[in-house]
Amino acid sequence: MAELTKIYRGMQNGAETINDNLEAINSEIETARGGKTNLDARLDGLDAKDTYLQSQIISNDADIDATNTRINNLVANAGNGTVPSEVVEMRTGDDGFSYTTASEAVKHTGTIVENSFKVPITLTAGHYIVSTNGTYAPHTNQAFKTTDFIDVTGASTIKLDTSFSPDADGYAFYDDNKKFISGSGTYSKSIFVPENARYFRFTAYNIPDNTVRMFLVYPLTKLMPTIDKIIKQDVNEKFNKLNNLPYILTPNQYVSFNNGKTADIVNTKFFASSYVNVSSIDVLSIKTNFSGNLDGYAFYDVNKVYISGSNVYTTTINVPDNAVYFRFTAYNIDTNLVTLTGTNSLNFIKEQILTISKQIQPPINYYYGIGKTLMIGDSLTSGAYYDDVTYKGLSINENIPFYLGKVTNNEVKNAGVSGSTPMSWHNTEFAKYDYTQFDTFFIWFGTNQGLTDTLDADVNSKASYNDYASTNTGTYCKLIEEIKAVNPDASIHINTIFASSGNLATTNSVINQIATKYGLNIIDMSDLTPTNYPNLHLGINNVHFGKAGNVYIANRIANNLNSYFASNQLKLEFGLTPRTN
């Protein structure tokens, strides 16, 4: 009996344990069901959440990839026209010039373009300037835009922000009768004005209108007479009317006068204009029409932030002082009848004069800092002199290096060799010089044979400059890198050319590409033809120069250096590496 009792109690205890375990299991099952009626429903819900989470992860990955792509694109392409306009604007300094990076623009904040005037510019779409003859030519591509004739009387240099296509477009100079003098399809930020030039026109290809800028730089001796001329001129003359301000009308939209925003509308009678740059305009003359409701016009600041507007139509509109952009509505009017012009009174010009007048001071000759200099080139550098009596092509001592040394008060050594190309000069002359013993180098090649547009194949595809192709283009780059290898502190400047037995346009294009590749200062010599400057070429239609020409070029180089270092003062801090002499 006792044994049976013991067995019964054991069974009873086991049953209680099993019951406790079942209750615990039921509790866990209840928790696992997560409020669902059964585990199967709970698992279906988890599957759905997992699917949702997976889709979110994929979406986030795509967003991250897209963001990375945008960031990489900004870093890789900043400045080449493929980035947002905000980045382009960030690269524009308060001196009006576009720099390679936003950082460079910030560094130049507060600097000025000495003795210069910003020129009001009006662009006409669908046209370009033929650089070889100055013709104002139509083009089916509206990305081509051109200026009207701009008076450059008295100016020595044009500072230009624009862009040319690979075709025949570019800039041109004209005389008093608007007859073509010279031009170029090679873009340069700094362009020298020929002595006999009165007018200038240029092309702006495939860039925003608000990034196109032009300054006229005047020699100090001519600045005050020029100021007097501008002050005394008739208000109705060249600074008065700026005709046909460029805009594009978009249908089914209008400009809200009270906030400047663009609103969509199904009514096809409404059109909204694009942004029009009015930064140098006092009064707008407009022919359009408003409906009398919210549509009208609006002004914006430099960041395109709304300033003011109105829905009351008047034919003349005063431009606010802080306005840079303008937009307007055209309602129920033939768009061919819509016109917009701007009047620029002398107030704007006088403000420019006041600013420049405060800057008038003796010029700073930055070129004194170039140090010991080596000039590398061909017969133009060596001083080949083509008279018919004595020299007949032999080099004279009064060459460009000789006069540049006098102008800058520095030692300038002549390393020019008649007839040389980058390849031939490198083969015969390179080993003759110790490049650690010079601070500054000038390179002027291309007259003989020219350069080929093979920078990618000859240079960029190679691992080392020792592997560069044995071409004039490859050797030109190799020479630069060899100098830099032994003298990292060197200041190197390269020149465009005005004549070549090779392709002139291609050669200058490649020289510009090389300057961009290595971040070098480029000196524009593309206008120095015998036609433009016959007296500098001995009056015998020969590409070589006389003493007057050599003096002129030495001074042009010095002026370029002044301008370059004035805008890039820290770039003058070279030549500090100790030398043996």
Side-chain angles (χ1 to χ4, degrees), residues 113-116 152-159 173 181-182 184 188-197 216-223 226 361-377 379-385 395-416 439-444 491 493-499 521-530 532-539 543-568 572:
V113 182
E114 295 181 357
N115 304 340
S116 67
V152 294
T153 304
S156 61
T157 307
I158 292 170
K159 299 290 186 178
F173 287 101
I181 296 174
S182 62
S184 177
S188 176
K189 185 180 285 289
S190 183
I191 303 170
F192 289 94
V193 179
E195 293 179 359
N196 57 336
L216 289 177
V217 182
Y218 295 89
L220 192 60
T221 54
K222 295 183 180 180
L223 183 60
T226 302
Q361 56 185 344
I364 299 173
N365 295 325
Y366 288 105
Y367 51 65
Y368 286 139
I370 63 173
K372 190 174 180 181
T373 298
L374 185 68
M375 298 197 75
I376 300 169
S379 56
L380 300 181
T381 302
S382 70
Y385 192 85
S395 294
I396 59 175
N397 293 328
E398 297 88 348
N399 46 45
I400 296 169
F402 172 81
Y403 288 118
L404 185 63
K406 286 186 172 295
V407 171
T408 65
N409 199 30
N410 283 276
E411 180 184 349
V412 181
K413 186 172 183 58
N414 181 10
D439 302 303
T440 298
F441 298 84
F442 291 96
I443 302 175
W444 197 7
S491 180
H493 310 261
I494 61 178
N495 299 353
T496 57
I497 61 173
F498 61 89
N521 176 40
I522 188 166
I523 304 174
D524 184 27
M525 301 290 188
S526 62
D527 65 312
L528 292 176
T529 62
N532 290 343
Y533 299 90
N535 293 336
L536 299 184
H537 295 270
L538 300 172
V543 298
H544 297 84
F545 297 97
K547 289 195 294 183
N550 293 335
V551 170
Y552 179 87
I553 294 171
N555 277 276
R556 173 174 284 198
I557 293 172
N559 290 333
N560 175 276
L561 294 177
N562 261 358
S563 176
Y564 175 69
F565 290 125
S567 298
N568 305 272
L572 192 61

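Note that the numbering runs from 1 along the sequence shown for the chain. Just so it is clear, the values below take in all heavy atoms, side chains as well, and ignore hydrogens, waters and symmetry mates.
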Partners passing side chain to side chain donor-acceptor pair (under 3.5 Å) against S526 (at least two apart in sequence or in another chain): D524
statement: Hits for side chain to side chain donor-acceptor pair (under 3.5 Å) against S563, two or more places apart or cross-chain, chain-then-number order -> K159
Counting C-beta onward and ignoring hydrogens, is there a side-chain heavy-atom pair between [X] and [Y] closer than 4.5 Å?
{"X": "I522", "Y": "H493", "answer": "no"}
{"X": "I191", "Y": "T157", "answer": "no"}
{"X": "N365", "Y": "N562", "answer": "yes"}
{"X": "D527", "Y": "S184", "answer": "no"}
{"X": "M525", "Y": "F192", "answer": "no"}
{"X": "W444", "Y": "L380", "answer": "yes"}
{"X": "V193", "Y": "I158", "answer": "yes"}
{"X": "I523", "Y": "I557", "answer": "yes"}

message: With no hydrogens and no angle check, just 3.5 Å: does a side-chain donor-acceptor pair link H544 and S379?
response: yes
- request: Could you pull out the closest heavy-atom pair between N550 and I396, with the gap in Å?
  value: ND2-CD1, 4.2 Å
message: Quick check: closest heavy atoms across S382 and N399, and the distance to 0.1 Å?
response: O-ND2, 3.3 Å
message: Between F498 and F545, is the ring centroid distance below 6.0 Å?
response: yes
- prompt: How far does OG1 of T373 sit from CG of N414, to the nearest 0.5 angstrom?
  reply: 12.5 Å
message: What's the separation between atom CZ in R556 and atom CG in L404, rounded to the nearest 0.5 Å?
response: 14.0 Å
message: With side chain to side chain contact (heavy atoms under 4.5 Å, CB included) as the criterion, how do F442 and L561 come out once you've worked through the C-alpha distance, each side chain's angles and the decisive distance to 0.1 Å?
response: CA-CA 11 Å; F442 291 96; L561 294 177; 3.9 Å; yes
field: side-chain contact (heavy atoms from CB on, under 4.5 Å) against A558, all qualifying residues, sequence neighbours excluded
entry: Y367, V407
